[in-house]
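This report concerns only the one structure given below.
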Amino acid sequence: MNGARVEFRGLRRRFGSTVALDGLDLTVEPGELIALLGPSGCGKTTALRCLAGFEQPDEGEVLVDGADITRVPANRRDAGMVFQSYSLFPNLNARDNVGFGLRVRKAPAAKRHARAQELLELVGLPSVGDRYPHQLSGGQQQRVALARALALEPRVLLLDEPLSALDAKVRVTLREEIRRLQLSLGITTIFVTHDQEEALSMADRVAVLREGRLEQVADPATLYDRPATPFVAEFVGAMNHLPGLVSGDRVTVLGQTLPVEGPSPDAARVDVLVRPEAVLVTPDGEGDGIVMVSSFRGSTARLRVRLGDGNEVLADVPGHDSARFAPGTAVRVGLVERPVLVSARPEAGAAAAVPEPDVV
Amino acid sequence: MASLTPQVSTQVTTQVTPGTVPARGGGRPRRPRVWRGVVLLLAAVYFLVPLIASFVFTVKAPGRGFSLDAYGQIFSAEGFGGSLLLSLGLGLATIALVLLLTLPAVVAVRLGAPRLRPVLEVVCTLPLVVPPITFVAGISTVLRWGPDYLASTPFYQTIIALQNPGFPVVLVLAYVVLALPFAYRSLDAGLGAIDVRTLTEAARNLGASWPHVLLRVIIPNMRSAMASASFLTLALVLGEFTIARLLSFETFPNWIYRISGSQAQVSVAVSVFSLLITWLLLLALSSAGARQRSGS
Amino acid sequence: MRDSRTRSKGRWAAAPLLVFAVIVFGVPMLVLLGGTFTKEGTLSTANLTESLQGAYLTALVGSVKISALVAVLGGVLGTFLAQAVVTSRFRALREAVLTASGVLANFGGVPLAFAWIATLGNSGVVTTTLGLGQHGWNLYNFWGLTLVYLYFSIPLQVLTVVPALDGLRPQWREAAQNNGASTWQFWRYVGIPVLTPALLGGVVLLFGGAFSAYATAQAMVGSTVPLVTLKIADALTGNVLIGHENVALALSLDMIVVAGLVMAVYLPLQRRSARWLR
């Protein structure tokens, strides 16, 4: 099995008045695992369904290894798909679910069973062949679904939020396993998710979608360290917005002057984008920051610090240090010396720390 | 099945009109489905014609054209008031008794005695399995034998009292059995929707006594389930013919049957009328159900 | 401590219902059983034998025949109607059909018979308007009764099957397509097998409904169509030879056995369907 190259060219799709895809262009290299990441309604699932053949784009085309498959019926496409949940046929046991594609192709029963067993072993469930979906746990069901998707040796694997219905622990093991399998099979894989951690940890490249358009596509480290747009910066990881003053290619923020990364807006007053882990805090009775909230996360603790000027900033400190940063502690706040991203200030006064409600 | 027009036709339709896709609910393109129109049309004819024809039948006086006389005669017909009142009275008594018996049992099974659930399920399914006419065969035998064996005991008086034609309690008892499956199911579903255990534990935690919990916490939260059980019971009692006829009590359906011989038009008019009542009852029921669903 | 007290209270709260059921339902059933096997004061299977012979057997077979016919026809037609409604784009149509089904499924008994008599009886509106009388039309026979029984059976099937049709997840269809299945193959390997328990369950319910129907038949055909319910009613109202009164009880027992067998098919199906369509 080797992977195919997949290209989306100018895909557009409207549902009534909502635009799901608004001219999506994206090329997936053979054997690559690419994650489509974005908030709900950004078109990531629609893009996947256009590739699987369950949706017809209004405009644009989908190419697999250079061949236009836009009008090919779903049941003649060479792409295996794993759905979000409950997609196993309830009337068939795990073996027959996996062997379904071969049965449709009139393969003899013996061959079907052998192949199904082989695939069940591949996904780590050698002994569940006789069980029905309702007798399997959620994680097992998704493994069987994965085996079913791989049974016809497709050249593209499509994963539509396959982990979102599972609980946290199973989610992590299963995603590692999917990645391992994908690497060993070398199959081109497109993974739709709204979970940035999932995307960053599994994918070769992550494509961030917003309102049906591609915002940025890059490897996880680049995406995190050098988000191309403020939207990506916001969506991937937590981000502080701190008021700064640009002069030339440097910006002054929190009393420090740092080099600016990438382009800077025309105005002198900007937002400086800083990750919480790039914020340095030290307990200091003289410091002008006060820890408001500290939430312990094991290896780190995330602090919400109110600065003297009224702004708030998020900062990560090592977990074993969290005792020194109890709420009410006075701290000094600085930034790691490295280039920073800046963006135009949305409007005066609206620029404190940024946290989404669930960040702290 | 005709619903399953091959996928190919999808491709054709979409190719014909690329880019000009109208608003669609779901993902799959719609295709013309003639069969659906045909099915719905036939169903409409089959189900509406008898209703319309019945109405026409009642208003078509021979030689005079349109007339609502038949409906006027309903109310003046001999036996109408008495039988309707009897049926309504039986209905109310049945509702009261069935709720009184079922509600505590359902609550108990949910809270304290889950092992009784299978027993209750069986008890409340049996009346569905056993046809009413066989049930009444049993009852009438008991009523016939009773006097023979019990003549010298106080039970004799009881059996006589059960069959008082003014208000035959025996019918109430039989109807409660028939209504059990429906009442049990609605109440059980109603309880399932409100998480009684948490509610009860919260109330107990706040110091409420058991009767207080039942009256002030559970029952108010089950109003619509109880309403639905009551409506179903009422509809059942108002329409029940078999048992009443074979025990010779003139309830409303029996009265309709009796007058049909002499006044065909009036009996059909009453049928239309009683269908209308059932419609209203069940419409009230389903809209109450919808309200509860949207409320929760 | 509190738990065990709660538990014993729980049993007591269920007690009235159980006692009631035992007396009001259990005693007549026991008497029925006893009467069936008693003839002139002695233990005997004569009643049962008699109930399975001659006119009684004809009536029992007639009931089973019409019930089976109604169940199959109603099952098929109701399923088509349900599918038409479920796949419809119009939410209002769906609501209207479901509400109407709820009402019509409960529309049995005497009023139903009269509505049809007024429509297709000898002087019914449709009969006279279309002049069906001259073509030998007759509502008061086996087929007429079937037509009338379908009037409450089809809606009942719609009510039973719609939840099952709703429970067919779109992912199944898509997963099947994704594995290369045509639409027909999807229905053959997944759709129909998944629906089967619900469909059969509905058919069983229809059978039960038609089998135990008495009022409609009594009001419509009297005794021109042999049905077991009509025979039982006849016997109960004294329309039998002296000494043969208990044949009614034996016939009742026959009915219960048939209905019980049918239900024994239904319950496991129902359970499986609930599991699949959860």
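In what follows, chains are A, B, ... by sequence order, proteins preceding strands, each numbered from 1.
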Would you mind checking which part of [X] comes under 4.5 Å of any heavy atom in chain C, side chain (CB onward), backbone (N, CA, C, O), both or neither?
| X | answer |
| --- | --- |
| B/Leu126 | both |
| B/Arg110 | neither |
| B/Ser274 | side chain |
| B/Leu246 | side chain |
| B/Leu236 | neither |
| B/Val270 | neither |
| B/Val129 | both |
| B/Ala235 | neither |

What's the spacing between [X] [atom1] and [Y] [atom2] if we round to 0.5 Å?
| X | Y | atom1 | atom2 | answer |
| --- | --- | --- | --- | --- |
| C/Ile232 | B/Ser140 | CD1 | OG | 10.5 Å |
| B/Leu51 | C/Leu104 | CG | CG | 6.5 Å |
| C/Ile117 | B/Ser54 | CD1 | OG | 10.0 Å |
| C/Tyr214 | B/Thr134 | OH | OG1 | 13.5 Å |

Going by heavy atoms in the side chains, are [X] and [Y] under 4.5 Å from each other?
| X | Y | result |
| --- | --- | --- |
| C/Leu17 | B/Leu120 | yes |
| C/Leu32 | B/Thr141 | no |
| C/Ser212 | B/Pro132 | yes |
| B/Val272 | C/Phe114 | no |
| C/Thr216 | B/Phe241 | no |
| C/Val228 | B/Ile133 | no |

> Residues in side chain to side chain donor-acceptor pair (under 3.5 Å) with C/Gln185, at least two apart?
Replying inline: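 Side chain to side chain donor-acceptor pair (under 3.5 Å) list for C/Gln185, sorted by chain: C/Ser182.
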> Do C/Val85 and B/Leu40 pass the side chain to side chain contact (heavy atoms under 4.5 Å, CB included) test, and can you show the C-alpha distance, the side-chain angles, and the key distance before you say yes or no?
Replying inline: CA-CA 8 Å; C/Val85 170; B/Leu40 290 173; 4.3 Å; yes
State, to 0.1 Å, how close [X] and [Y] come at their nearest heavy-atom pair, and which atoms those are.
| X | Y | answer |
| --- | --- | --- |
| B/Pro131 | C/Ile256 | CD-CG1, 4.3 Å |
| B/Ala53 | C/Thr119 | CB-OG1, 3.4 Å |
| B/Ala108 | C/Ala13 | CB-CB, 3.7 Å |

> Would B/Phe57 and C/Trp116 count as a close aromatic pair, with their ring centres under 6.0 Å?
Replying inline: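 No, the ring of B/Phe57 stays outside the 6.0 Å limit from the ring of C/Trp116, centre to centre.
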>> Before we go on, tell me: are the rings of B/Phe135 and C/Phe25 under 6.0 Å apart, centre to centre?
In response: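 When the ring centroids of B/Phe135 and C/Phe25 are compared, they turn out to be within the sub-6.0 Å range.
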Let me know if [X] has heavy atoms under 4.5 Å from chain B in its side chain, its backbone, both or neither.
| X | answer |
| --- | --- |
| C/Leu81 | both |
| C/Leu147 | both |
| C/Ala113 | neither |
| C/Leu150 | both |

> Between C/Ala248, C/Ala233, C/Gly26, C/Gly34, which residue shows the highest count of heavy-atom pairs closer than 4.5 Å to chain B?
Replying inline: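 Between C/Ala248, C/Ala233, C/Gly26, C/Gly34, the count favours C/Ala233.
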> Of all of C/Ala115, C/Gly109, C/Gly124, C/Ala213, which one pairs up most often with chain B through heavy atoms under 4.5 Å apart?
Replying inline: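 Greatest number of close heavy-atom pairs with chain B: C/Ala115.
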Please identify, among [options], the residue contributing the most non-hydrogen atom pairs under 4.5 Å to chain C.
| options | result |
| --- | --- |
| B/Leu180, B/Val123, B/Val98, B/Val177 | B/Val177 |
| B/Leu173, B/Val268, B/Val119 | B/Leu173 |
| B/Phe55, B/Tyr257, B/Phe273 | B/Tyr257 |

> Pick one: which of B/Ile52, B/Thr58, B/Val56, B/Val49 meets side-chain contact (heavy atoms from CB on, under 4.5 Å) with C/Val125?
Replying inline: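 The passing option is B/Val56.
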> Checking side chain to side chain contact (heavy atoms under 4.5 Å, CB included) for the pair C/Val24/B/Val176: CA distance, chi angles, key distance, verdict?
Replying inline: CA-CA 9 Å; C/Val24 176; B/Val176 168; over 6 Å; no
>> Closer than 3.5 angstrom, by distance alone: can the side chain of C/Tyr151 be matched with the main-chain N or O of B/Phe47 as a donor-acceptor pair?
In response: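 Yes, because the side chain of C/Tyr151 sits within donor-acceptor range (under 3.5 Å) of the backbone of B/Phe47.
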> Which pairs pass side-chain hydrogen bond (donor to acceptor under 3.5 Å, both in side chains) with one or both residues in residues 231-242 of chain B, sequence neighbours excluded?
Replying inline: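 Residue pairs passing side-chain hydrogen bond (donor to acceptor under 3.5 Å, both in side chains), neighbours aside: B/Tyr175-B/Glu240.
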>> For a quick check under 3.5 Å, do B/Arg36 and C/Ser88 share a side-chain donor-acceptor pair by atom type?
In response: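 On atom types as modelled, these side chains do not qualify, holding no pair under 3.5 Å.
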